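Take a look at the structure set out below.
Order of listing sets the numbers, starting from 1, for every ligand and every atom in it. This structure is a prediction, so every number in the text was calculated from the model and none was measured. Atom set for the values below is all heavy atoms of this structure, side chains included, hydrogens, waters and symmetry mates excluded.
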Amino acid sequence: MSRYKNIMTLDEFTIQQLRLFPHATGELSGLLRGIGLAAKQVNVEVNRAGLADILGAEGTINVQGEVVQKLDVYANNVFIDVLRSGINCAGIVSEENEEAVIFDDTRSNASKYVLLMDPIDGSGNIDVNISIGTIFSVYRRVSPTGQPATPEDFLQQGIKQVAAGYVIYGSSTMLVYATRRGVNGFTLDNSIGEFYLSHPDIRIPPHGKFYSFDNCYYHQVARGIRRYVDYCMSVADNKAGPYSNRYYGCMVADVHRNLLKGGIFFYPAVTGKPDGKLRLCYECNPMAFITEVAGGKATNGKERILDIQPKHIHQRSPLFIGSAEMVDEAQRFLR
Ligand code: P6P
């Protein structure tokens, strides 16, 4: 019986969803429950990061050339360990690992899914107690089960995703995930360590009041983007501009707020970053899948994110994502 009247837990919800597909094996439900378990373990450390020796830099530089935070390493290890010991995932691509982590044991090789993830998005916020997130993306393997996963399993177009989601470690901890059937949000009750369905069937408003862009790049972007930012901040008849700038330095937090309230997040190509900063496979694609299932849009400024054929697991992409009418509006300025 749920602790809260008529509110399902994540486990109950995934099992209920399973019943809608008589031929389903339950593997995807099991994988999602494993992700929930790993998220709870990471959440414990996030909540006490200021107390344990887990704040600050771990002292190495990751494949992206970024300073690795201790929590990055911890979260990466938790997700890999939980999913490797499960029976529903054949391997993982992570922002923290240069190569794919192929589990290659009998049980994992029999799994039909692989996972890509950014274990901690927004690491720079850890030491100042501002929201951070985890992003994940699930694909059905293209390689035969019974054998180890292959690199091709991880280089599929975003439209092939079976599920995608994120965890936001904020004023409360939420797990939000999408399948083709919809986007649902689960809030963690820390007192008993259970995720409860708090945001069923999330739909992104077609328009909103927020734009998320790091204004430090204003002079480092294409003219059309500068004109769009000018429009966002424009003052007509001495009234405030059409949008407020909300930029948390953590895409998960910005995209989550825009998903619930309406808005647009964009990280375009900037001087020195011709493909922007965000990674296609484990940041842009999962967020684009979630946003499109919720009724929004996501492009790289020219084409739909989900249509892009990845060439490398760590490749970057410019990203414009959020309310459909706002993404269309931004595209008009880009033209
Ligand atoms: P900048 C966090 O490092 C991240 O990948 C996104 O979550 C965030 O939106 C962006 O980078 C922040 O980058 O260049 O604005 O500091």
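- One side chain, Ser94 or Asn76, offers a donor N or O that lies under 3.5 Å from an acceptor on the other.
- Between Phe195 and Phe186, the ring centre distance reaches or exceeds 6.0 Å.
- Counting heavy atoms under 4.0 Å from ligand 1, residue Tyr248 does not touch it at all.
- For ligand 1, the polar-atom distance check against Lys277 finds a nitrogen or oxygen pair separated by under 3.5 Å.
- If you check the side chains of Asp189 and Ser191, you find a donor sitting under 3.5 Å from an acceptor.
- Residue Asp121 has at least one heavy-atom neighbour below 4.0 Å for each of these atoms of ligand 1: 2 (C), 4 (C), 5 (O), 6 (C), 7 (O).
- Judged by distance alone, with hydrogens and angles left aside, the side-chain atoms of His199 form no donor-acceptor pair with the main-chain N or O of Met174 at under 3.5 Å.
- Contact atoms of ligand 1 toward Phe265: 9 (O) (distance under 4.0 Å to a heavy atom of the residue).
- Shown in contact with Leu278 at under 4.0 Å from a heavy atom are these atoms of ligand 1, numbered in order with element: 5 (O), 6 (C).
- Ring orientation note: the planes of Phe13 and Tyr177 are nearly perpendicular, at an angle over 60° on the 30°/60° scale.
- When only interatomic distances are considered, the shortest N/O to N/O separation between Asp254 and ligand 1 does not fall below 3.5 Å.
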Next item on the list: Starting from the C-alpha separation in whole Å, work towards a yes-or-no answer on side chain to side chain donor-acceptor pair (under 3.5 Å) for Glu325 and Ser323.
Entry: CA-CA 6 Å; Glu325 291 174 10; Ser323 296; over 6 Å; no
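- Nearest to atom 9 (O) of ligand 1 among the protein's heavy atoms is Met251 N, 3.3 Å.
- Short contacts between ligand 1 and Gly122, defined as distances under 4.0 Å to a heavy atom of the residue, involve ligand atoms 2 (C).
- Tyr267 and Ser212 share no side-chain donor-acceptor pair at under 3.5 Å.
- With Tyr247, Phe213, Phe266 as candidates, the residue nearest to atom 10 (C) of ligand 1 on a non-hydrogen basis is Tyr247.
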